[in-house]
Amino acid sequence: MPTNTLTFGTVSGGFNGGNAIIDNTNTAIVDLGKTPSFATMVLSNMTGQDSIPTDATILGVEVNIEDHGNTTGANSSVDFEMFHNGTSAVSDTITLGINNVQTSAPELGLVGGSTTLWGKTWTQSDFDSGNFLLRLDNPVDVNQATLIFTFIFLKVSWEAVVYPIKLTSGLIKLTDGLIKIN
């Protein structure tokens, strides 16, 4: 199953130190306890979706969070939701439990997966740059930096549509490769 990596160009809310979301050069924070304006982060203006065929069947969506953790290693959590068509089409909420200290050693947090559809049926156009939003929300103050990370992106798993071949006459010549007929 093919996958495509989609990246974000715009962030609002949370703390986005030095464009961490856009270019992976600094740290981003989602943390209600630090300040209420850091409790929610919304990511948008996505790139990479054009490489998914328009007639592909979307099999799953995974959020990848590089170098993720918190400040103390105590239990904390962040809710993830996806929207398309503004905020009218919302996905299921998936909660990421965080219980590791964020360090410079690469550690990847995963939310969703290659077969997780977040309670929705997706099409390629749902990931369009102007329509898609990813919201991270820290709903509970746990007196620590709840989520610290250096980069975030989506992996969309998809399957190409198979069209039947109908031959009414002629000849097929295969010089190399494989033809699989089910």
Side-chain angles (χ1 to χ4, degrees), residues 1-12 16 19-26 28 30 41-68 78-98 105-137 147 149-182:
M1 113 183 64
T3 62
N4 285 78
T5 299
L6 310 183
T7 57
F8 299 96
T10 304
V11 61
S12 62
N16 181 27
N19 289 326
I21 305 305
I22 298 169
D23 62 19
N24 196 15
T25 60
N26 210 319
V30 178
M41 178 180 282
V42 178
L43 305 159
S44 60
N45 194 22
M46 205 157 24
T47 59
Q49 73 280 4
D50 293 340
S51 56
I52 301 171
T54 57
D55 59 353
T57 302
I58 306 299
L59 302 174
V61 182
E62 178 180 274
V63 179
N64 288 254
I65 311 147
E66 290 186 0
D67 304 323
H68 91 293
V78 172
D79 294 338
F80 289 74
E81 296 171 317
M82 298 178 190
F83 298 83
H84 64 90
N85 296 323
T87 56
S88 63
V90 64
S91 72
D92 288 348
T93 300
I94 297 180
T95 301
L96 173 66
I98 304 155
E107 187 164 346
L108 186 63
L110 304 174
V111 182
S114 62
T115 59
T116 303
L117 290 171
W118 298 69
K120 299 186 62 55
T121 301
W122 298 94
T123 65
Q124 184 265 0
S125 64
D126 292 332
F127 298 99
D128 186 47
S129 175
N131 291 330
F132 185 87
L133 304 170
L134 174 65
R135 180 172 65 191
L136 291 67
D137 181 50
L147 174 61
F149 60 97
T150 61
F151 194 57
I152 189 167
F153 60 94
L154 293 184
K155 274 195 170 179
V156 177
S157 300
W158 55 274
E159 177 177 75
V161 175
V162 178
Y163 295 101
I165 298 174
K166 182 178 179 181
L167 298 174
T168 57
S169 66
L171 174 68
I172 296 177
K173 180 179 179 184
L174 179 67
T175 58
D176 190 19
L178 172 70
I179 294 176
K180 183 178 177 183
I181 300 174
N182 292 330

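The shown structure was predicted, so the numbers you read here are calculated from the model rather than taken from an experiment.
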Using the rule given for side chain to side chain contact (heavy atoms under 4.5 Å, CB included), can you reason through Ser114 versus Met1, listing the C-alpha separation, both sets of side-chain angles and the distance that settles it, and then say yes or no? CA-CA 9 Å; Ser114 62; Met1 113 183 64; 4.2 Å; yes
Rounded distance [0.5 Å steps], CE in Met82 versus CG in Asp126: 11.5 Å
For Ser51, what residues pass the side-chain hydrogen bond (donor to acceptor under 3.5 Å, both in side chains) criterion, not counting sequence neighbours? Asn4
Atom CG in Leu154, atom CE in Met46: separation rounded to 0.5 Å? 5.5 Å
Of all heavy-atom pairs between Leu147 and Phe149, which one has the smallest distance, and what is that distance? CG-CD2, 3.7 Å
Nearest atoms (heavy-atom pairs only) where Leu6 meets Gly48: CD2-C, 3.1 Å
Starting from the C-alpha separation in whole Å, work towards a yes-or-no answer on side chain to side chain contact (heavy atoms under 4.5 Å, CB included) for Leu43 and Val11. CA-CA 5 Å; Leu43 305 159; Val11 61; 3.5 Å; yes
Please find the pair of heavy atoms, one from Phe151 and one from Thr7, that lie closest to each other, and give the distance. CZ-CG2, 4.2 Å
Keeping the roles fixed (side chain from Trp118, backbone from Val61), state whether a donor-acceptor pair exists under 3.5 Å. yes
Carefully, step by step, assess Gln124 and Val156 under the rule side chain to side chain contact (heavy atoms under 4.5 Å, CB included). CA-CA 10 Å; Gln124 184 265 0; Val156 177; over 6 Å; no
Looking only at non-hydrogen atoms, find the nearest pair between Trp122 and Ser91 and report the distance. CZ2-CB, 4.3 Å
Quick one: CD on Gln49 to CZ on Phe132, what's the gap to the nearest 0.5 Å? 10.0 Å
Which atom of Leu117 lies closest to which atom of Ile58, heavy atoms considered: CD2-O, 3.5 Å
Nearest non-hydrogen partners of Leu134 and Phe80, listed with the distance: CD1-CD2, 4.3 Å
Separation of Thr5 OG1 from Phe153 CZ (nearest 0.5 Å): 5.5 Å
Point-to-point distance, once rounded to the nearest 0.5 Å, from CZ of Phe8 to CD1 of Ile152: 6.5 Å
Distance-only polar pair, side chains of Asn64 and Glu62, donor-acceptor under 3.5 Å: yes
Nearest 0.5 Å please: distance from the CG atom of Asp137 over to the OG1 atom of Thr95. 9.5 Å
Is there side-chain contact between Met41 and Ser12, with at least one heavy-atom pair below 4.5 Å? no
Is the shortest heavy-atom distance from the side chain of Leu136 to the side chain of Val63 under 4.5 Å? no
Run the salt bridge (charged side-chain N to carboxylate O under 4.0 Å, His left out) test against Glu81 and tell me which residues pass, sequence neighbours left out. Arg135
Step by step, work out the side-chain hydrogen bond (donor to acceptor under 3.5 Å, both in side chains) result for Asp79 and Thr93. CA-CA 6 Å; Asp79 294 338; Thr93 300; 5.9 Å; no
side-chain hydrogen bond (donor to acceptor under 3.5 Å, both in side chains) involving Thr57 - partner list, sequence neighbours excluded: none
